[in-house]
There are 2 protein chains.
Amino acid sequence: MARKKTKQLSPAALELLAARFRVLADASRLGLLHALMDGERNVNQLVELTGLAQANASKHLSQLADAGFLNRRRDGLYTWYGIADPSVFELCDLMCGSIARKLGRDLQEIA
Amino acid sequence: MARKKTKQLSPAALELLAARFRVLADASRLGLLHALMDGERNVNQLVELTGLAQANASKHLSQLADAGFLNRRRDGLYTWYGIADPSVFELCDLMCGSIARKLGRDLQEIA
DNA sequence: TGACGGTATGCTTATTCAGGAATATAGTCA
DNA sequence: TGACTATATTCCTGAATAAGCATACCGTCA
């Protein structure tokens, strides 16, 4: 057998992956996720916690839910959002570690 | 001691994290990273592997290097790029797993 | 039923940014 | 030096999208 080459990823797969990273590529949405670390919250609570405008928060929450990162649960007047996929926190932790390493390297270059 | 509340993340920290996710939120850049899984490549090789235009590839490579995901190494006429932070592949793997779980859930809803 | 609180949606504007084309820069070799 | 190759940069245009505002939707309660 010839040397194994890395399997080619289809453009569609790359775009799917990119689209999902794009959902995390916004500070407002990251703030919402962070505010949900301790459990379910409704929209008004999230507005208070994050300082976002209500309409804005609602739109971001919809995006996060559509992407599958959040659950929405309707209860009377309130809509409760919660984490549907905890791996989102692993992603953030990994990325934070990556940031730390980069800043460390940047520091080396200056010193 | 009062009930421990989740530590508040500063807007600047959220923006920093978001900016880093933004670098991964593009199919062309993900393709370049993927093409570098097997080791260093120069720009022309990456252009061939990905089908990107040279100027475009060069710009994306600069972004990836600025973010600290890639190294650049100059050798005569060639610029060799390589993975500086392998955790980028962990990030992609995690995200792919998250996609798979979401698609699984979507499937359930239809069935 | 009507009034109200909570949430979602449509419209508009401003900004960001990817891609293409042309060009500039830099290193090599005759 | 000048021609040539590899890579980077600049300018431009079009598309995506976040935020603000107004308003529509929906469930509750008097």
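Order of the sequence lines fixes the chain letters, A, B, ..., with proteins taken first and strands second; residue numbering starts at 1 for each chain. Hydrogens, waters and symmetry mates play no part in the numbers below; they use all other heavy atoms, side chains included.
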Which listed nucleotide ([options]) is nearest to the side chain of [X]?
{"X": "A/Asn42", "options": "C/dG5, C/dT7, D/dT7", "answer": "C/dT7"}
{"X": "A/Thr79", "options": "C/dA26, C/dT7, C/dA18", "answer": "C/dT7"}
{"X": "A/Leu77", "options": "C/dG5, C/dA21, C/dA8", "answer": "C/dG5"}
{"X": "A/Tyr78", "options": "C/dT7, D/dC26, C/dG20", "answer": "C/dT7"}
{"X": "A/Gln63", "options": "D/dA8, C/dG20, D/dA18", "answer": "D/dA18"}
{"X": "B/Asn44", "options": "C/dT7, D/dT7, D/dA19", "answer": "D/dT7"}
{"X": "B/Asn56", "options": "D/dA8, D/dA18, C/dG20", "answer": "C/dG20"}
{"X": "B/Ala53", "options": "C/dG20, C/dA21, C/dT7", "answer": "C/dG20"}

Worksheet item: Closest nucleotide of DNA chain D for A/Lys59 versus for B/Gln45: which of these residues is on the 5' side?
Response: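 On the 5' side of the pair lies B/Gln45.
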How close or far is atom [atom2] of [N] from atom [atom1] of [X], stated in whole angstroms?
{"X": "A/Asp26", "N": "C/dC17", "atom1": "CG", "atom2": "C1'", "result": "15 Å"}
{"X": "B/Leu64", "N": "D/dA8", "atom1": "CG", "atom2": "P", "result": "12 Å"}
{"X": "A/Phe21", "N": "C/dC17", "atom1": "CZ", "atom2": "P", "result": "18 Å"}
{"X": "A/Leu52", "N": "D/dG20", "atom1": "CG", "atom2": "C1'", "result": "13 Å"}
{"X": "A/Leu32", "N": "C/dT7", "atom1": "CG", "atom2": "P", "result": "13 Å"}
{"X": "B/Arg73", "N": "D/dT7", "atom1": "CZ", "atom2": "C1'", "result": "15 Å"}
{"X": "A/Asp66", "N": "D/dT17", "atom1": "CG", "atom2": "C1'", "result": "15 Å"}

Hey, does the side chain of [X] reach the backbone of [Y] with a donor-acceptor pair shorter than 3.5 angstrom?
{"X": "A/Ser10", "Y": "A/Ala13", "answer": "yes"}
{"X": "A/Glu109", "Y": "A/Asp106", "answer": "no"}
{"X": "B/Gln45", "Y": "B/Asn42", "answer": "yes"}
{"X": "B/Ser62", "Y": "B/Ser58", "answer": "yes"}

Worksheet item: Do B/Gln54 and D/dA8 have a side chain to base donor-acceptor pair shorter than 3.5 Å?
Response: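 Side chain to base: pair present.
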Worksheet item: Base, sugar-phosphate, or nothing: which does A/Ala57 touch, judged by heavy atoms less than 4.0 Å apart?
Response: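 The residue A/Ala57 makes no contact with any strand.
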Worksheet item: Taking only N and O in the side chain of A/Ser28, is any of them less than 4.0 Å away from OP1 or OP2 of D/dA18?
Response: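 No, A/Ser28 has no side-chain N/O under 4.0 Å of OP1/OP2 on D/dA18.
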Discussion item. Can you tell me if A/Tyr81 touches the phosphate of C/dA8, counting only side-chain N or O atoms and a distance under 4.0 Å to OP1 or OP2?
Written reply: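 The answer is yes; a side-chain N or O of A/Tyr81 sits under 4.0 Å from OP1 or OP2.
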Item to complete: Working to the nearest 0.5 Å, report the span between OG of A/Ser98 and CD of B/Glu90.
Response: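 It comes to 10.0 Å.
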